[in-house]
Amino acid sequence: MNEKFLKPYNPKETEDKIYKIWENSGFFNPDNLPGERKETFSIVLPPPNVTGTLHTGHASMLAIEDTIVRFERMSGKKTLWLPGTDHAAIATQSKVEKILEKEGIKKSEIGREEFLKHVEKFAQDSHDTIVSQCKKMGSSLDWSREAFTLDETRHKAVFLAFKKMYEAGLIYRKHRIVNWDPKGQTTISDDEVIRENRKGKMYTFKYSHDFPFPIATTRPETKLGDTAVAVHPDDARYKEFIGKEYSFDFAGEPVTVKIIGDNAVDPEFGVGALGVTPAHSQIDWEIAQRHNLPVKQVINEYGKLTVGMEGVKDTKVEVARAKVVEWLREQNLLIEEKEIDQSVGTAERTGAVIEPLPKMQWWIDVNKPIKDNKSLKDLMLEKVKDGQIEILPERFEKTYFHWIENLRDWNISRQIWYGHRIPAWYQSTEDGRTNNDEEIKISLTSPGENWKQDEDTLDTWFSSGLWTFSTLLDPENYVEDLKEWLKKSPDNIYHPTNLLETGYDIIFFWVARMILMTTFLVDEIPFKTVYLHGLVRDKQGRKMSKSLGNIVDPLDLINSFGADALRMSLIVGVGPGQDNNLSEDKVKAYSKFANKIWNATRFVLENTADFDESKKPNLESRHEEYINEWKNLVKEVTKEMEEYKLYLVGEKLYHFFWHRFADVIIEDCKKDLNDSSKYTLIYLLKEQLKALHPFMPFVTEEIWGLIHDEKPEKLLIIEAWPA
RNA sequence: GCGCGGUUAGCUCAGUUGGUAGAGCGACUCAUUGACGUUGAGUAGGCCAGGGGUUCGAAUCCCUUAUCGCGCACCA
């Protein structure tokens with residue numbers, strides 16, 4: 001017996017060494033797997049953002065995916081788990097901006113090219129950290145296929161995707177209301193707007209003493225940009241005024257409004273009359289479109305008023321609001337001031353209050369009928385409704401449907417530098433974005449002299465949406481059509497992927513977008529099953545956050561307890577969609593389990609050293625029963641693994657090893673160490689090592705090596721799953 | 001406002017076609033340094049949130065109330 005067993009199991013001295021053995025074996029790459037493997041199994045790693053380091057959520061993702069991947073590999077499938085990272089556009093750029101600011105460097109001063117160099121350096125460092133952390137977790141990722149959402153192959157894929165969607169009329173450029181982030185100085189999509197419930201004030205007032213009735217608003221400062229007042233067409237109170245026009249001075253700005261009737265106005269709400277501000281409100285913009293109203297912008301990109309009396313003009317909206325209210329009061333126009341609960345849109349990344357502004361932007365049309373009169377929305381719905389894609393837990397399918405039904409066109413252009421630059425070219429010499437009538441060419445490279453590329457970059461989720469297939473594209477076989485390119489790439493055997501495992505918080509951002517993009521672009525579903533894991537919370541069930549100071553670094557836990565223990569604590573008892581309250585005690589408990597396996601092995605090896613297990617003795621009936629009990633458990637857990645119920649399997653294997661094998665079977669065999677006992681012990685130990693391997697790969701591989709004198713051809717990672 | 005979940009032992013949660021309430025941790029009692037950075041055996045502890053219904057039978061299915069959480073939302 002190896003003298004290592006004289007000491008307790010030491011994950012620190014074991015894990016890095018074992019990972020290197022696996023890497024050198026080449027078995028992470030499905031091309032190197034032994035035996036004939038007809039069936040494939042594939043997962044693409046949800047690419048972590050290159051914004052820093054991995055958190056417990058990532059650890060959870062890696063633990064779940066690696067466990068599934070190892071199971072499938074042991075089950076004889078040609079198994080690919082493909083790694084990569086996400087450039088994360090806005091998130092990365094804003095992080096680097098902050099860092100540079102601390103060093104006294106402003107991005108406007110150093111310019112686009114120089115700034116991007118800083119971002120790329122940062123992204124590279126983050127990438128390296130992420131890769132090393134993935135390895136620490138034991139992830140059996142095929143590093144030879146690693147991809148990046150912003151590398152050359154993915155850049156070509158993004159271009160082809162953009163081109164195809166543009167040609168199909170699904171991507172269009174239009175001037176309309178966007179979610180403007182005044183702090184980030186960019187537009188963001190509807191999904192990136194976080195609604196916050198806040199206390200606000202509703203003001204009821206008259207524009208002027210000559211105006212016939214009052215209106216109500218929470219944003220009096222925007223009323224300088226009003227061009228109409230909308231009432232319900234059947235509202236008896238206001239019917240007689242419809243069609244009339246009024247002009248007056250409002251806080252130093254001449255305003256002309258027309259009274260219009262529109263069904264969107266709820267006569268029950270407020271006073272039943274709505275001041276229409278087309279340039280600064282989504283709903284007002286739509287009303288304005290219906291009634292051909294002029295659009296008058298009075299707030300700029302910095303969230304400041306551009307018109308009005310002194311104290312209003314050139315001040316931020318909050319200040320201007322107070323000033324306008326003060327003016328109303330002085331003029332005796334203010335009728336009521338009421339505190340209300342309102343939901344305020346804020347930017348996901350910067351926290352700034354969103355300012356709706358009209359802007360020329362790129363959009364994806366989700367309602368336009370394409371094939372068979374179906375829209376992108378229909379495609380997204382259909383694939384899940386007809387069961388081609390299954391979402392776990394099932395209840396998220398309802399959430400998914402609900403989201404799609406409310407989905408509006410997706411704003412994909414961003415006014416930031418880091419990302420895929422929009423492959424649209426204009427002939428204008430000045431900023432091409434301001435002129436809607438010019439010719440547009442979609443091209444990867446400049447179409448010729450005097451052509452200028454659009455300054456904007458794409459929403460990061462545009463490139464992530466291609467991830468399941470863009471990662472499989474062969475750079476050597478580039479074809480100017482995504483579907484053909486994929487077909488010509490040898491790795492297309494891995495598409496559609498079997499499983500997408502990710503957090504439920506990005507079901508809309510990512511899962512839905514992947515279904516949309518992949519279905520349209522390559523005519524395949526991106527994955528068959530979606531497994532959504534929950535949030536990792538602290539012991540008390542609180543969200544981990546910087547301000548609470550309760551963030552746990554997975555690396556610290558690995559250092560203290562080993563990666564196997566951390567993996568188990570992230571898997572056992574945590575079903576899909578369920579949040580996990582992670583405590584150090586839980587991790588500690590599983591580190592004890594690793595040691596329990598270690599010690600049980602020592603006992604078995606000590607007492608079976610002289611035994612030749614290849615000769616199966618006649619078994620005593622109770623030994624036979626133990627083995628049958630195990631085989632029944634294997635049947636049960638194999639089925640559960642196939643159904644991705646690993647949270648149950650982990651617990652059952654743990655329970656069997658400790659409370660059946662160690663507590664009962666070993667104790668029983670100990671009493672009479674005959675050949676039947678010895679066979680039973682060594683057989684059950686080995687079979688359990690195989691079954692536990694996907695969950696606790698390090699300790700099981702280490703023991704396996706010690707049992708087999710570390711012969712390289714006897715790696716547990718490629719042993720067959722017990723039958 | 002619309003939608004989705006949860007409510008089971010002190011704590012965290014299982015409970016998959018409805019059939020006599022489960023695990024882990026914690027608590028308590030005893031044993032144990034003999035594979036064990038100890039471990040083992042055992043004990044206590046639950047009107048399965050409340051109410052109503054379907055059923056021979058409900059933690060499980062339906063309705064309803066309460067409560068907590070989450071998602072979505074252009075209510076001025």
Side-chain angles (χ1 to χ4, degrees), chain A residues 1 5-10 177 179 190-191 193-195 200 202-204 215-220 222-223 226 229-231 262 264-266 268-277 280-287 340-343 345 356 393-408 504-505 507-508 534-535 537 539-541 543 569 572-575 577-583 585-586 588-607 639-640 643 645 647-648 651-652 654-655 658-659 662-664 666-667 669-670 681 685:
Chain A
M1 193 182 60
F5 280 114
L6 299 177
K7 283 193 231 156
Y9 173 62
N10 186 339
I177 291 271
N179 305 306
D190 294 343
D191 301 280
V193 177
I194 310 291
R195 299 260 155 200
M202 172 84 82
Y203 303 93
T204 305
I215 60 159
T217 183
T218 52
R219 298 195 60 187
T222 64
K223 300 292 105 183
D226 280 10
V229 169
V231 296
D262 194 289
V265 179
D266 177 4
E268 304 295 317
F269 189 87
V271 291
L274 154 69
V276 181
T277 323
H280 302 292
S281 152
Q282 179 71 39
I283 184 169
D284 293 7
W285 171 269
E286 282 161 22
I287 293 173
I340 57 155
D341 294 315
Q342 58 173 356
S343 89
E394 207 183 316
R395 68 186 143 89
F396 275 97
E397 292 188 356
K398 282 180 198 162
T399 311
Y400 176 81
F401 295 142
H402 186 253
W403 178 79
I404 292 174
E405 278 147 22
N406 291 306
L407 186 63
R408 294 182 294 162
Y504 64 66
D505 49 334
I507 179 170
F508 308 133
L535 256 49
R537 297 171 177 275
K539 196 178 174 176
Q540 286 110 27
K543 230 174 176 167
S569 66
V572 173
V574 188
Q578 208 190 324
D579 293 350
N580 181 9
N581 299 351
L582 184 68
S583 66
D585 287 345
K586 196 174 174 187
K588 198 174 170 182
Y590 287 111
S591 73
K592 280 190 189 167
F593 180 48
N595 198 50
K596 186 81 182 176
I597 300 172
W598 187 258
N599 285 315
T601 303
R602 166 168 46 192
F603 177 81
V604 172
L605 293 184
E606 260 174 3
N607 293 290
K639 185 166 174 280
E640 285 167 342
E643 291 165 354
K645 290 178 179 166
Y647 51 101
L648 293 179
E651 189 171 356
K652 284 178 183 176
Y654 168 88
H655 193 262
W658 202 312
H659 300 297
D663 289 352
V664 177
I666 290 184
E667 292 301 324
C669 291
K670 206 191 264 183
L681 288 176
L685 174 68

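Per chain, numbering begins at 1; letters A, B, ... match sequence-line order.
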Close N or O pairs between protein and nucleotides 10-14 of chain B (under 3.5 Å):
{"from": "C13(B)", "atom 1": "O3'", "to": "Gln578(A)", "atom 2": "NE2", "distance (Å)": "3.0"}
{"from": "A14(B)", "atom 1": "OP1", "to": "Gln578(A)", "atom 2": "OE1", "distance (Å)": "2.9"}
{"from": "A14(B)", "atom 1": "OP1", "to": "Gln578(A)", "atom 2": "NE2", "distance (Å)": "3.4"}

Sort me out a list of protein N/O and nucleotides 69-75 of chain B N/O pairs below 3.5 Å, or just none if empty.
{"from": "C74(B)", "atom 1": "OP1", "to": "Arg408(A)", "atom 2": "NH2", "distance (Å)": "3.0"}

Under 3.5 Å, which N/O atoms of the protein pair with N/O atoms of nucleotides 5-9 of chain B?
{"from": "G5(B)", "atom 1": "OP1", "to": "Lys398(A)", "atom 2": "NZ", "distance (Å)": "3.4"}

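Using the Watson-Crick or G-U wobble rule with both distances under 3.5 Å, G19(B) pairs with C56(B). The nucleotide C4(B) finds its pairing partner in G69(B), both defining distances of the Watson-Crick or G-U wobble pair being shorter than 3.5 Å. With both pairing distances under 3.5 Å, A14(B) is matched to nothing as a Watson-Crick or G-U wobble pair.
For Tyr203(A), there are no ring-ring contact (aromatic ring centres under 6.0 Å, His included) partners at least two apart in sequence or on another chain. Residues satisfying the side chain to side chain donor-acceptor pair (under 3.5 Å) test with Asn10(A), not counting sequence neighbours, are Glu13(A). Legend: residues meeting side chain to side chain donor-acceptor pair (under 3.5 Å) with Asn406(A), ordered by chain and number and at least two apart, are absent. In terms of the side chain to side chain donor-acceptor pair (under 3.5 Å) criterion, residue partners of Asp226(A) (sequence neighbours excluded) are, by chain and number, Tyr207(A), Lys223(A), Thr277(A). By the side chain to side chain contact (heavy atoms under 4.5 Å, CB included) test, Asp341(A) pairs with Lys199(A), sequence neighbours left out.
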Result block: side-chain N/O donor-acceptor pairs under 3.5 angstrom for residues 394-405 of chain A, not counting sequence neighbours:
{"from": "Glu397(A)", "atom 1": "OE2", "to": "Ile391(A)", "atom 2": "N", "distance (Å)": "3.1"}
{"from": "Tyr400(A)", "atom 1": "OH", "to": "Met380(A)", "atom 2": "O", "distance (Å)": "2.9"}
{"from": "Trp403(A)", "atom 1": "NE1", "to": "Asp191(A)", "atom 2": "OD1", "distance (Å)": "3.1"}

All N/O donor-acceptor pairs, side-chain side in residues 590-601 of chain A, below 3.5 Å, sequence neighbours left out:
{"from": "Ser591(A)", "atom 1": "OG", "to": "Lys588(A)", "atom 2": "O", "distance (Å)": "2.7"}
{"from": "Asn595(A)", "atom 1": "OD1", "to": "Tyr9(A)", "atom 2": "N", "distance (Å)": "3.0"}
{"from": "Trp598(A)", "atom 1": "NE1", "to": "Lys7(A)", "atom 2": "O", "distance (Å)": "2.8"}
{"from": "Asn599(A)", "atom 1": "OD1", "to": "Arg602(A)", "atom 2": "NH2", "distance (Å)": "2.4"}
{"from": "Asn599(A)", "atom 1": "ND2", "to": "Asn595(A)", "atom 2": "O", "distance (Å)": "3.1"}
{"from": "Thr601(A)", "atom 1": "OG1", "to": "Ile597(A)", "atom 2": "O", "distance (Å)": "2.7"}

Reading nucleotides 25-34 of chain B 5' to 3', which nucleotides get B (base under 4.0 Å from a protein heavy atom), which S (sugar-phosphate only), which -? ----------
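Base engagement by Ala662(A) is indicated by at least one non-hydrogen atom pair under 4.0 Å involving a base atom.
Less than 4.0 Å separates RNA chain B from at least one heavy atom of each of the following residues of residues 596-605 of chain A: Lys596(A), Asn599(A), Ala600(A), Arg602(A), Phe603(A).
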